[in-house]
Structures are given as C-alpha cells and as structure tokens.
Amino acid sequence: VQLQASGGGLAQAGGSLRLSCTASGRTFSSGIMGWFRQPPGKEREFVAAISWSEGRTYYADSVKGRVTISRDSGKNTVYLQMDSLKPEDTSVYYCAARDRRIVGGARFSPTQYDYWGQGTQVTVSS
C-alpha cells in the first residue's frame, strides 16, 4: 500500500488549503484514514480522521470548525480542507491509513496506523 499526499504549500493567515491523499495498491473498504501533523521539534499529532465504511469523522480540538475531512471511495482518496488557517497550523502534514477496525482513543494515536504518506509541508504566514 502506498499513500501519496499532495496539496501543501504557502498560505496567508485566514486563507485555505486542501490536502489530498490517494491510496494505491489496494482498495480500502474498512478501517480508517487520518491526517497527522508534526511541527518542528514536536511530536506527531492527530488532526482528523474518517472511517472508510461509514464516513464518520473525527477532529482534534485545535482544528475543529476550521477543517473538514472527506473521502471519495471511488478514487481511494481522502481530502483535508483547511480554512481560516493560522500560523500555528504550520507543519508537515502526513496522511495515514489503517485497514482494520479501530475504536475509541486509538483513532488519535499515530502508532495505530499501518501506512503513511511522505508528508506535505503547510506554511501559514501571519
């Protein structure tokens, strides 16, 4: 399984960016796909996730209301629409996937995901 992330770049505070992550090598029918980010010098942190089968979404408190995660099952692609960007959103963003059921707080832990994309840089200027 390979995950290809794209869509990062430079944006001004208050602006928007949309990240995409396409999975190849298999079709996901269950499990979950998520986005994490890792600011410089900090640990990787959960941003958002979506379940493949039900489309149920989960968000970190820091992005809730500003970020929307969605999926296109036909394209095996997950999107992260980020609006009202803040300088503190500056980070490398990684998409990740797990092809098995996941419950509870495990959704928010990077150690519970099996596959990772290469990361895409998001920089928000003030």
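As the structure is a computational prediction, the values presented were derived from the model and not from experiment.
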Any side-chain to backbone donor/acceptor pair from [X] onto [Y]? Under 3.5 Å, distance only.
{"X": "Arg98", "Y": "Arg100", "answer": "yes"}
{"X": "Ser109", "Y": "Ala106", "answer": "no"}
{"X": "Gln118", "Y": "Ala5", "answer": "yes"}

Grouping I, L, V, M, F, W and Y whenever their side-chain heavy atoms are under 4.5 Å apart, do [X] and [Y] come out in a common cluster?
{"X": "Ile102", "Y": "Trp35", "answer": "no"}
{"X": "Val67", "Y": "Val92", "answer": "no"}
{"X": "Tyr59", "Y": "Val124", "answer": "yes"}

Is [Y] close to [X] at the side-chain level, that is, under 4.5 Å between some pair of heavy atoms?
{"X": "Gln121", "Y": "Thr90", "result": "yes"}
{"X": "Ile50", "Y": "Ile32", "result": "no"}
{"X": "Val122", "Y": "Leu19", "result": "yes"}
{"X": "Gln81", "Y": "Ser16", "result": "yes"}
{"X": "Leu3", "Y": "Thr22", "result": "no"}

* Asked: Counting heavy atoms not belonging to Gln2, are there more than 12 under 6.0 Å from its CD?
  ->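 No, because the 6.0 Å sphere around CD of Gln2 holds 12 heavy atoms or fewer from other groups.
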* State whether the number of non-hydrogen atoms from other residues, nucleotides or ligands found under 6.0 Å of Glu88 atom CD is greater than 12. =>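 Enclosed.
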Checking side-chain polar atoms at under 3.5 Å, does [X] have a donor or acceptor matched by the opposite partner on [Y]?
{"X": "Arg37", "Y": "Tyr93", "value": "yes"}
{"X": "Thr77", "Y": "Asp72", "value": "no"}
{"X": "Tyr58", "Y": "Arg107", "value": "yes"}

Looking at [atom1] of [X] and [atom2] of [Y], how far apart are the two atoms once the value is rounded to the nearest 0.5 Å?
{"X": "Ile69", "Y": "Met33", "atom1": "CD1", "atom2": "CE", "answer": "8.5 Å"}
{"X": "Asn76", "Y": "Ser24", "atom1": "CG", "atom2": "OG", "answer": "8.5 Å"}
{"X": "Gln12", "Y": "Ser125", "atom1": "CD", "atom2": "OG", "answer": "5.0 Å"}

* Could you tell me whether Arg18 sits above the aromatic face of Tyr79, with NZ or CZ closer than 6.0 angstrom to the six-membered ring centre and within 45 degrees of the axis? =>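 Relative to the ring axis of Tyr79, which defines the angle, Arg18 lies inside both limits.
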* Asked: Parallel, tilted or perpendicular: which fits the ring planes of Phe36 and Trp116, with parallel below 30° and perpendicular above 60°?
  ->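 Ring orientation, 0 to 90° scale: tilted.
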* To do: State plainly whether the residues Asp61 and Lys64 are in salt-bridge range, i.e. N to O under 4.0 Å.
  =>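 Salt bridge present between Asp61 and Lys64.
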* Would you check, one step at a time, whether the test side chain to side chain donor-acceptor pair (under 3.5 Å) holds for Ser53 with Ser51? => CA-CA 6 Å; Ser53 58; Ser51 63; 4.9 Å; no
